[in-house]
Amino acid sequence: MAGNTVTRAQLSEAVYQEVGLSRNESADLVESVLGHIVESLSKGDSVKISSFGSFHVRSKGGRIGRNPKTGEEVPIQPRKVLIFRASHVLKERINAALTSIRAVKPQS
Amino acid sequence: MIKSELIARLAEKNPHLYQRDIERIVGCIFDEITAALARGDRVELRGFGAFSVKERPARTGRNPRTGDAVSVAQKFVPFFKTGKELRESLNGGAHPDDDHEDEHEA
């Protein structure tokens, strides 16, 4: 849905506006926030950010998959996947904002 | 790890910053992501993943106990797709040959 994409650049800009740090340092801090999250998750730990959501690592067992195009059987190795569960606060904010916008302009 | 632990770790690595400022920075990052999603925008953080909002159209549901039809309003749900690098580091950095679904993603 909808148009714009927010990237690291906008997050750094927001940090830059918020605190009196240089643009470079703001960018570094955004990077280290993500880095610490990745590090925790890589160790298998969950990450919970209150009023935003939580990230959990789930182990999936191996299974025999099938290439849907060729029908060929392919073994799928056991692996870990990341699950993001949005907090109620985040869900409510999104619904409150988008439900009213979409009511005015129906399709995006 | 919870938000306060994240802040503590950042504070340890950045002794020149006030803890109060680190709290604001962390809050600001997640607020910015929230605000983007609330506008219906997508947040793409390469190597980490992408947040987006998916629309669930209005539908007629049923009360499983009574079988009564109930109308369920349209709603929007936040969605996160793990980025390639993060997915690989969850699996020990190796490249598990599990999926070939997307060559172009966050």
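Reckoned from all heavy atoms, side chains included, excluding hydrogens, waters and symmetry mates. Reminder, nothing fancy here: chain letters follow the sequence lines and each chain counts from 1.
Neither the backbone nor the side chain of Gln17(A) has a heavy atom closer than 4.5 Å to any heavy atom of chain B. For Val81(A), the part sitting under 4.5 Å from any heavy atom of chain B is the backbone (N, CA, C, O) and nothing else. Interface residue Val57(A): only side-chain heavy atoms are found under 4.5 Å from chain B. Using a 4.5 Å cut-off between heavy atoms, Ile7(B) makes no contact with chain A at all. For Val43(B), the parts lying near chain A are the backbone and the side chain together; criterion is any non-hydrogen pair under 4.5 Å. In this structure, the portion of Leu86(B) lying under 4.5 Å from any heavy atom of chain A is its side chain and not its backbone.
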Verdict with supporting geometry, Phe84(A) and Phe51(B), ring-ring contact (aromatic ring centres under 6.0 Å, His included): CA-CA 10 Å; Phe84(A) 172 69; Phe51(B) 296 93; 5.4 Å; yes

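For the pair Arg8(A) (side chain) and Glu44(B) (backbone), a donor-acceptor distance under 3.5 Å is absent.
Using a 4.5 Å heavy-atom threshold, the side chains of Glu39(A) and Met1(B) count as separate. At a threshold of 4.5 Å between non-hydrogen side-chain atoms, the residues Leu21(A) and Ile25(B) count as touching. Side-chain contact between Leu90(B) and Leu41(A): present, with at least one pair of heavy atoms (C-beta onward) separated by less than 4.5 Å.
Nearest heavy atoms, Gly40(B) versus Leu98(A): N-CD2, 3.6 Å.
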